[in-house]
Amino acid sequence: MNSASSVQTQVLIIGGGVTGTALARDLALRGVDCVLVEMDDINAGASGRNHGLLHSGARYVAGDREAAVDCRSEGDILKRMAKQAIQDTGGYYVAVQGDDERYIADFPSCCARSGISARVVDVALARELEPALSPRTIAVFEVPDASIDPFRLSLESMAHAQSLGARLMRRTRVVGFEREGRQIRAVRLQSRNGGQAQRIEAAQVVNAAGAWAREVALLAGAPIEMSYSKGTLLVTHTRLAGRVVNRLRLPGNADIMMPGGTVSIVGTTSTRVDALDDIRPTTLEADLIVAEASRMLPALAAMRYVRAYAGVRPLVGATGGRDARAVSRGYALFNHEDQGLDNLATITGGKLTTCRLMAERAADLVCRRLGVTRACVTATLPLPAVPECAWTEPGHSPRAWMRTLRLKDPLLCECEMVSGSAVDAIYAALRAAGDTPTLTDIGLRSRVGKGACQGAFCALRTSAHLYQGGGFQGSRGLAEILDFVGERWRGQRAVLWGEQLAQAELMEALHCGLFGEELQDDGLPDAPGQVAAGRAQR
C-alpha cells in the first residue's frame with residue numbers, strides 16, 4: 001500500500017445517504033474539513049429506496065414513543081429548513097371494518113402524549129376529499145405527515161457542504177483500516193472504476209454507511225450488533241390521493257400509500273435478510289402489497305404499477321427470530337471507545353425524517369473530540385436551494401421547459417417531460433465537480449427513466465443527446481444504455497401484468513431486437529413468463 005496516494009482531512013465520513021450528506025453539511029458549517037466517500041452514488045442504499053414519507057411520528061405512538069417524538073420534532077424542523085424538498089400534503093390514518101377498535105380508540109390519546117396532532121375527521125367528509133378511500137372505512141384521523149424528496153435533500157446537503165470546502169468521492173469503497181493503538185491512522189480506499197488505491201489520513205472517522213455500517217465497523221475491528229429488514233414498495237402509474245394514507249393499526253405490511261408527485265408509492269413489507277448483495281422485490285411481495293393495501297384503497301387492486309423497488313433497514317441491537325417490526329426505529333450512535341478506538345464513531349438506524357438529528361449528534365461527538373466548539377446550526381439555517389439539484393422534483397422539468405418557451409429544446413423523456421437543457425445542466429454540474437457523468441448518474445439526478453416506459457425511449461434519446469454534445473463517444477453510449485435499462489428492468493419484473501407487461505415487451509423488442517441487448521433474467525423464480533402466467537386473472 002506504499003504506492004497509494006494519500007489525502008489528509010479532519011473528518012472522513014463513510015456513506016453518502018441522507019445521514020452522511022447531512023453530517024458533511026453540519027461539519028462544514030462548523031468549519032471542519034471533511035471528506036465523504038460513497039461506494040456507489042448519493043442515496044444508493046435505503047436513503048433512495050423508501051416511501052419519501054416525512055413522518056409525523058404517529059406511526060410509532062403506541063410502540064416506540066421515543067421514535068415518535070423524534071419524528072414529530074424533526075419533521076417540523078425540516079418543513080422549515082428544507083421547504084424546497086417537501087410537499088406538505090398532510091396525512092390520514094384510516095381504519096376499515098375489522099380493524100382493532102381498541103387501537104382506534106386509543107390512537108388520539110397516544111398521539112397527544114407524544115405531542116402529535118391527531119384530529120378526528122368525519123368519514124363521509126374524508127371520503128369526499130379522498131374518493132379512493134374504501135367504503136368500509138370506519139374511522140379517520142388527520143395528522144401532519146408530508147412528502148419529502150430524499151434525493152433533493154441529500155444532493156443539496158452535499159452541494160452546500162462542498163461549497164464550504166467538503167469533498168465528495170463517489171464510487172469509492174473502503175477496503176481497510178490502518179490502526180495504531182487506540183487510533184485509526186488511515187483508511188484504505190479503492191475506486192470501483194479502477195485506478196490507483198488511496199489512503200485518507202483523518203483525525204476522526206464516522207461510519208454512516210447505513211445497512212453496510214456493520215461491515216465497515218468489522219473492517220475496523222469494532223463489531224456492532226445489527227440485523228437487516230428488507231422492505232419492498234410499488235410505484236403506481238398515477239397519483240391516487242392528495243394526502244398520505246396510513247392504515248390505522250399497529251405497523252404492518254402494506255399500510256402506507258404515499259403520494260409522490262404524479263404517482264403513488266405503496267408498501268412496505270418487512271422481511272429479515274442475512275446479506276446485502278442481492279436485494280430486489282419479488283412477485284410474492286407485490287401480490288401481498290396489492291392484496292393488503294387494497295383493503296384501505298380498493299382502486300389499488302386494479303391499478304397499473306410501473307415499478308417495484310426494495311431497500312434494507314439497518315436494525316440495531318436486533319437478534320434471533322424477533323419480529324423486525326418490533327425493533328425500534330430509533331437511531332444509534334456508537335463511540336467505539338470500549339472497543340479500543342478513540343477516533344471512530346458509527347451513526348446508523350433511525351429514519352429519513354431524523355437524518356438531521358442523527359447528523360447533529362454524530363457531529364457533536366466528533367467536534368468534542370477535535371476540540372471544536374462551534375454549535376450546530378442546521379436546525380435554524382435553511383438548506384440553500386441549488387438549481388442543478390431541483391430536477392429530481394416531479395413536475396419541475398415541464399414547468400421549467402414551458403417557462404422558457406424554448407421550442408428548440410428537445411424533450412428527451414416524454415413521460416416526465418425532461419428536456420435536453422435539463423440533462424445539459426446536470427451533466428455540466430457533474431463535470432464541474434470533476435466527475436465523468438454516466439446515464440445512471442443523470443437518471444438519479446432527474447426524472448429520466450422514472451415514467452411508464454421506464455427508460456425504453458428516454459435512455460436512447462438521452463444518450464443520443466449526449467453524443468451530439470460530445471459527452472459520449474465511441475461505443476460508450478450502448479454500454480450506458482444497457483446499464484441504465486438493466487437497472488430499470490430489475491424494478492419491473494415484480495409488476496409485470498396488464499399494461500406494464502405490454503410496456504416491458506415493447507422495451508424488450510426495442511432494446512433486444514434492435515440493439516442486440518440482453519436483459520438478464522438471473523434465473524430467478526419470478527421470470528417474466530412466469531409472472532405473466534400468474535397474473536392472468538388480473
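- For the pair I426 and W391, the minimum side-chain heavy-atom distance is below 4.5 Å.
- Annotation: side chain of T262 is not in contact with side chain of T238 (no heavy-atom distance under 4.5 Å).
- Tested against E285 for a salt bridge (charged side-chain N to carboxylate O under 4.0 Å, His left out), the candidates K230, R493, R280 yield a single pass: K230.
- The shortest heavy-atom contact between P298 and S134 is CD-CA, 3.6 Å.
- Side-chain N or O atoms of R239 include one that pairs as donor or acceptor with a backbone N or O of A241 at under 3.5 Å.
- A donor and an acceptor atom, one from each side chain of Q190 and Q198, are nowhere located under 3.5 Å apart.
- Side chain to side chain, R304 and Q503 meet the donor-acceptor criterion of an N or O pair below 3.5 Å.
- At a threshold of 4.5 Å between non-hydrogen side-chain atoms, the residues H237 and Y305 do not count as touching.
- Proximity of I14 to W212: side-chain heavy atoms (C-beta onward) are nowhere separated by under 4.5 Å.
- Under the 4.0 Å criterion applied to side-chain N and carboxylate O atoms, E38 and R171 are not assigned as salt-bridge partners.
- The closest side-chain donor-acceptor pair between Y309 and R490, if any, does not fall under 3.5 angstrom.
- To the nearest 0.5 Å, atom CD1 of residue I265 and atom CG of residue L233 are 7.0 Å apart.
- One finds the OG atom of S264 at 5.0 Å from the CG atom of L240 (value rounded to the nearest 0.5 Å).
- Counted by atom type alone, T269 and N253 present zero donor-acceptor pairs between their side chains at under 3.5 Å.
- With T378 contributing its side chain and D26 its backbone, the two residues share no donor-acceptor pair below 3.5 Å.
- Without hydrogens or angle criteria, N50 side chain to G52 main chain gives a donor-acceptor distance under 3.5 Å.
- Defined by atom type and a distance below 3.5 Å, a donor-acceptor pair is missing between the side-chain atoms of D483 and T440.
- Each ring-ring contact (aromatic ring centres under 6.0 Å, His included) pair with one or both residues in residues 34-56, not counting sequence neighbours, appears once here: H55-Y60.
- The environment of CZ in R127 is crowded: more than 12 heavy-atom neighbours from other residues, nucleotides or ligands sit within 6.0 Å.
- Note that CG of N207 is 10.0 Å distant from CG of L12, once rounded to the nearest 0.5 Å.
- If you take CZ on R313 and OG1 on T348, they are separated by 13.5 Å, rounding to the nearest 0.5 Å.
- Salt bridge status for D441 with R170: present, with a side-chain N to carboxylate O gap under 4.0 Å.
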_Evaluation steps, side-chain hydrogen bond (donor to acceptor under 3.5 Å, both in side chains), between T89 and S147_ = CA-CA 6 Å; T89 60; S147 170; over 6 Å; no

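- At least one side-chain heavy atom of V423 sits under 4.5 Å from a side-chain heavy atom of L466.
- Under the 3.5 Å distance criterion, the side-chain polar atoms of S419 are left unmatched by any main-chain donor or acceptor of P410.
- Side-chain contact between V206 and V11 is present, with heavy atoms from C-beta onward closer than 4.5 Å.
- The shortest non-hydrogen separation linking A459 to L439 is O-CD2, 4.0 Å.
- Side-chain contact between T9 and I200: present, with at least one pair of heavy atoms (C-beta onward) separated by less than 4.5 Å.
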Name the atoms and distances for all side-chain donor-acceptor pairs under 3.5 Å in residues 158-165, with sequence neighbours left out.
{"unit_1": "H160", "atom_1": "ND1", "unit_2": "R25", "atom_2": "NE", "d": "2.8"}
{"unit_1": "S163", "atom_1": "OG", "unit_2": "H160", "atom_2": "O", "d": "2.6"}

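- Donor-acceptor pairing under 3.5 Å is recorded for the side chains of D145 and N246.
- In this structure, L383 and A82 approach most closely via the heavy-atom pair CD2-CB, 4.3 Å.
- Under the 3.5 Å distance criterion, with hydrogens and angles disregarded, a donor-acceptor pair is assigned to the side chains of R307 and Q454.
- Under the 4.0 Å criterion applied to side-chain N and carboxylate O atoms, D40 and R192 are assigned as salt-bridge partners.
- The closest donor-acceptor contact from the side chain of E388 to the backbone of A429 lies at 3.5 Å or more, if one exists at all.
- A heavy-atom distance below 4.5 Å is not found between the side chains of F151 and I42.
- Side chains of T172 and S191: a donor-acceptor N/O pair is absent below 3.5 angstrom, by distance only.
- With rounding to the nearest 0.5 Å, the separation of CG in D76 from CE in M81 is 11.0 Å.
- Here CG of L23 is found 4.0 Å from CD1 of I13. Values are rounded to the nearest 0.5 Å.
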*Any chance you could lay out the side-chain contact (heavy atoms from CB on, under 4.5 Å) test for T268 and I256, step after step, and finish with the verdict?*
CA-CA 7 Å; T268 177; I256 303 174; 5.8 Å; no

*Would L352 and L153 satisfy side-chain contact (heavy atoms from CB on, under 4.5 Å), going step by step from the backbone distance to the final call?*
CA-CA 10 Å; L352 166 61; L153 181 68; 4.3 Å; yes

*Go through L300 and V266 one step at a time and tell me if the side-chain contact (heavy atoms from CB on, under 4.5 Å) criterion holds.*
CA-CA 9 Å; L300 290 171; V266 188; 3.9 Å; yes

*T438 and F484: side-chain contact (heavy atoms from CB on, under 4.5 Å), yes or no, with the steps?*
CA-CA 9 Å; T438 67; F484 184 79; over 6 Å; no

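- Judged as a side-chain hydrogen bond (donor to acceptor under 3.5 Å, both in side chains), the pairs with a partner in residues 456-475 (not counting sequence neighbours) are, in order, D424-H465.
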*asked:* Applying salt bridge (Lys or Arg N to Asp or Glu O under 4.0 Å) to R59 and D255, what does each step give before you reach the verdict?
replied: CA-CA 10 Å; R59 183 172 175 82; D255 53 4; 3.1 Å; yes

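- Put simply, the side chain of D409 gets close to the backbone of G420: a donor and an acceptor are under 3.5 Å apart.
- Just one of L53, L54, T354 meets the side-chain contact (heavy atoms from CB on, under 4.5 Å) condition when paired with C71; it is T354.
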